[in-house]
2 protein chains.
Amino acid sequence: MQSPTTRPGRTGQPPRLSRDAIVVAAQRVLDEEGAERLSMRRLARELSSTPMALYRHVLDKDELLMLLLDANIQRIDPSVRPEHPRDRLVSGVGALCDVLEGCPWGVEVAASDKFVSAALMRIVEAVVEALADCGVPPSDVVYAYRVIWAYLVGERVARGGSEPSEGRRRGLEAVIDGLLGQGADRIL
Amino acid sequence: MQSPTTRPGRTGQPPRLSRDAIVVAAQRVLDEEGAERLSMRRLARELSSTPMALYRHVLDKDELLMLLLDANIQRIDPSVRPEHPRDRLVSGVGALCDVLEGCPWGVEVAASDKFVSAALMRIVEAVVEALADCGVPPSDVVYAYRVIWAYLVGERVARGGSEPSEGRRRGLEAVIDGLLGQGADRIL
DNA sequence: ACCTGAACACCGTTCAAGT
DNA sequence: ACCTGAACACCGTTCAAGT
């Protein structure tokens with residue numbers, strides 16, 4: 001059994017950086033200096049490395065941002081899962097909104113499908129499932145999801161860095177109820 | 001009577017640039033090369049001038065973007081004004097959404113209140129008035145406006161440069177009806 | 001009064017070289 | 001295999017100087 005760091009038949013320097021280390025450092029820069037300061041150059045400095053060293057572990061800045069978004073979505077507590085599907089919608093979308101609070105670029109990352117976040121896909125699936133459970137007909141589920149996503153994105157983008165706003169949850173409920181009201185068979 | 005270009009008691013070069021000329025050139029760059037190419041340097045090149053010449057006529061890039069947004073909002077046809085307040089909401093917000101299609105930065109410009117667009121203010125007032133006419137209680141008008149604005153922004157931001165989407169209007173109607181349904185006294 | 005040119009402090013990324 | 005340093009093609013903006 002060989003240690004993976006000293007495999008024979010492999011030459012060259014052992015890696016000093018890793019995807020994980022880069023994502024962790026990026027989170028640190030994000031927390032301490034904000035998203036607008038998170039550049040490849042700043043990140044390299046944080047790791048006492050050079051900008052180009054990062055490109056051995058990450059395809060480009062977009063992939064890095066996706067990885068960081070993914071890591072933040074993974075932190076959503078999956079044990080919070082209300083019984084009623086409408087509440088599941090509200091809590092799931094609310095959790096996603098909280099994540100986007102700290103990852104403003106997530107909106108663009110999700111819009112361009114250059115890279116996809118597996119963790120985000122899981123949330124999307126849960127929301128879509130909850131919509132179906134609310135009685136939204138299958139032909140309208142994608143449409144309904146898009147409207148909800150638009151509200152979520154807009155709520156985040158529209159108020160730049162203000163307080164989370166008391167009306168956010170109420171607004172989300174208005175959007176959801178508006179959508180559920182469009183189908184004839186309103187559960188609720 | 002003096003020509004304004006040759007007033008006595010005034011020295012120095014006559015201006016070759018003007019706010020208007022800059023905004024017009026900016027619109028040309030926007031149309032021909034897209035918003036992401038609209039930089040102070042690119043704009044100076046378009047005007048056969050230098051980046052710093054622009055700063056004699058415009059405070060900074062943010063003000064320029066506000067002026068360009070304002071000019072685009074002014075182009076909204078004010079004669080389109082449906083009788084029913086709910087239709088006025090849908091058409092007003094829809095028109096604004098069309099403008100933001102071509103001025104993606106408008107979202108940020110509006111969010112930061114560093115500069116304000118008078119034309120945007122007029123639209124906001126019209127929407128607020130229509131909300132009141134729909135029976136939204138005064139205490140909720142601002143909240144309702146915010147939810148609509150969030151949907152509008154999100155709809156724009158979420159799909160980057162895709163087709164305008166058949167479901168946009170329907171989504172907007174769902175949001176509006178959800179809001180109107182939250183008050184007890186639904187007109188419609 | 002208006003414009004220019006050089007400079008500052010940044011970006012993401014490519015390319016060629018070093019160990 | 002992994003990392004470095006210089007370079008390219010950009011940003012917005014300040015500052016000092018030119019006419």
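Per chain, numbering begins at 1; letters A, B, ... match sequence-line order.
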> When rounded to the nearest Å, what value does the distance between P atoms of D:dA9 and C:dA9 take?
Replying inline: 23 Å

Taken in chain and number order and not counting sequence neighbours, the residues that satisfy side chain to side chain donor-acceptor pair (under 3.5 Å) with A:R81 are none

dist A:E46:CD -> A:L38:CG (nearest 0.5 Å) comes out at 10.0 Å

Sorted by chain and number, sequence neighbours left out, side-chain contact (heavy atoms from CB on, under 4.5 Å) with A:V128 holds for A:V124, A:V141, A:Y145

Pairs under 3.5 Å (Watson-Crick or G-U), crossing ones as [ ], inter-strand ones as |: DNA chain C comes out as ||.|||||...|||||.||

Residues passing the salt bridge (charged side-chain N to carboxylate O under 4.0 Å, His left out) test with B:R169, sequence neighbours excluded, are B:E173

The salt bridge (charged side-chain N to carboxylate O under 4.0 Å, His left out) partners of A:R75 (sequence neighbours excluded) come to none

The complete set of salt bridge (Lys or Arg N to Asp or Glu O under 4.0 Å) pairs with one or both residues in residues 149-158 of chain B, sequence neighbours excluded, reads B:E155-B:R159

Contacts satisfying side chain to side chain donor-acceptor pair (under 3.5 Å) that involve residues 111-124 of chain A (not counting sequence neighbours) are A:D60-A:K114, A:D62-A:K114, A:D70-A:S117

Considering only heavy side-chain atoms of B:P15, the closest of D:dC3, C:dC2, D:dT4 is C:dC2

Sorted by chain and number, sequence neighbours left out, side-chain contact (heavy atoms from CB on, under 4.5 Å) with A:R170 holds for B:D140, B:Y143, B:Q182

Letter by letter from the 5' end, nucleotides 9-19 of chain D scores (B base, S sugar-phosphate only, - none; protein heavy atoms under 4.0 Å) --BBBBB--BB

What residues 18-30 of chain A contributes to the DNA chain C interface at heavy-atom separation below 4.0 Å is none

Taken to the nearest whole Å, CG/B:L54 to C1'/C:dT4 is 12 Å

Discussion item. Would you say A:H57 places a side-chain N or O within less than 4.0 Å of OP1 or OP2 belonging to D:dC3?
Written reply: yes

B:S49 side-chain N/O to C:dT4 phosphate OP1/OP2 under 4.0 Å:
yes

Contacts of A:R37 meeting side-chain contact (heavy atoms from CB on, under 4.5 Å) (sequence neighbours excluded), chain-then-number -> A:E33

B:R88 meets the salt bridge (charged side-chain N to carboxylate O under 4.0 Å, His left out) criterion, sequence neighbours left out, with B:D133

Discussion item. When you compare the side chain of B:L67 with that of B:R19, does any pair of heavy atoms fall below 4.5 Å?
Written reply: yes

